[in-house]
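Here is the structure we will look at, set down as structure tokens.
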Amino acid sequence: DGPRVLQPCEYKGAAATLAEAFATDDVARYFIDTPDRAGWSMERKWDLHVSILEYVTYAHCLKGLATTVGEGYGAVALWMPPGRNMDDLVTIFRSGMWRLNYQLSREGKKRFFHEFLPLLHDTKAQVLGPRDDDAWYLVYIGTRPAARGKGLAKALISSVTDVADREGRPCYLESSNAINPPIYRKLGFETRKTVRLQRAERDVEMDIMVREPVKSAEREK
């Protein structure tokens, strides 16, 4: 079966896929593996990792576009469509995002609220300029390890890039894994900038990538 839209009641299953996919991702761990949480067990850190992705997934079910493909949520993508965001108080409350004010450590909150979120917001505005509100924004995409190599992520991305092409809109993403940019380039994305998170012992890099809309005649070539 092809990609389908997730219902809000499915957020836990979808978030579990993303948690597996981003289990060792430097950005996903950036807010958890902090010096002031050095005494936490791996189990407590994992629970927080899962909780963060549950909040984000549910918020996208409410205000964005959350899609999946494959058996058992084999792959999951979270998009923010043009002109939308999940910054309103209702979404923050309903999704549980407000709990991060209490669940993240002091350093984790600095990294998430004062470094990470402003950096993403400002970079997207800078790279896209006046098209910032017109772009499809791929916030998360992940595949369970057991489901990789089957083209599931490609199917999820293509289902939206096809829409973006018809609408004449760009698509935007951040990649925190050096393996991924070559894959995204095959789908039409190009690297526009590299940004860095700098509060940890070593910088964490993210590649900023944009896909320009493709006209129907060009897609048929």
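Everything quoted here is computed from the prediction, not taken from an experiment. Here, residue 1 is the first one in the sequence, and each next residue gets the next number.
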Original post:
Between the side chains of Thr143 and Arg148, is a donor N or O closer than 3.5 angstrom to an acceptor N or O?
Top reply: no
Original post:
Side chains of Phe22 and His49: closer than 4.5 Å at any heavy-atom pair?
Top reply: yes
Subject >> Minimum heavy-atom distance Phe189-Ile157, with the two atoms named >> reply: CE1-CG2, 4.1 Å
Original post:
Does a side-chain heavy-atom distance below 4.5 Å link Asp88 with Lys63?
Top reply: yes
Original post:
Is there a side-chain contact between Asp26 and Arg202, using heavy atoms and a 4.5 Å cut-off?
Top reply: yes
**OP:** Working to the nearest 0.5 Å, report the span between NZ of Lys186 and NZ of Lys154.
**Re:** 9.0 Å
Original post:
Any side-chain donor-acceptor pair under 3.5 Å between Ser176 and Asp25?
Top reply: yes
Subject >> Selection residues 101-110 - residue pairs positive for side chain to side chain donor-acceptor pair (under 3.5 Å), sequence neighbours left out >> reply: Thr34-Ser105, Asp36-Ser105, Tyr55-Gln103, Glu107-Arg111, Glu107-Arg199
**OP:** Give a yes or no on whether Phe113 atom CZ has more than 12 heavy-atom contacts from other residues, nucleotides or ligands under 6.0 Å away.
**Re:** yes
Original post:
Can you find a heavy atom in the side chain of Thr123 that is under 4.5 Å from one in the side chain of Met206?
Top reply: no
Subject >> Residues which pass ring-ring contact (aromatic ring centres under 6.0 Å, His included) with Tyr137, listed by chain and number, not counting sequence neighbours >> reply: Tyr172
Original post:
Trp40: what forms a ring-ring contact (aromatic ring centres under 6.0 Å, His included) with it, not counting sequence neighbours?
Top reply: none
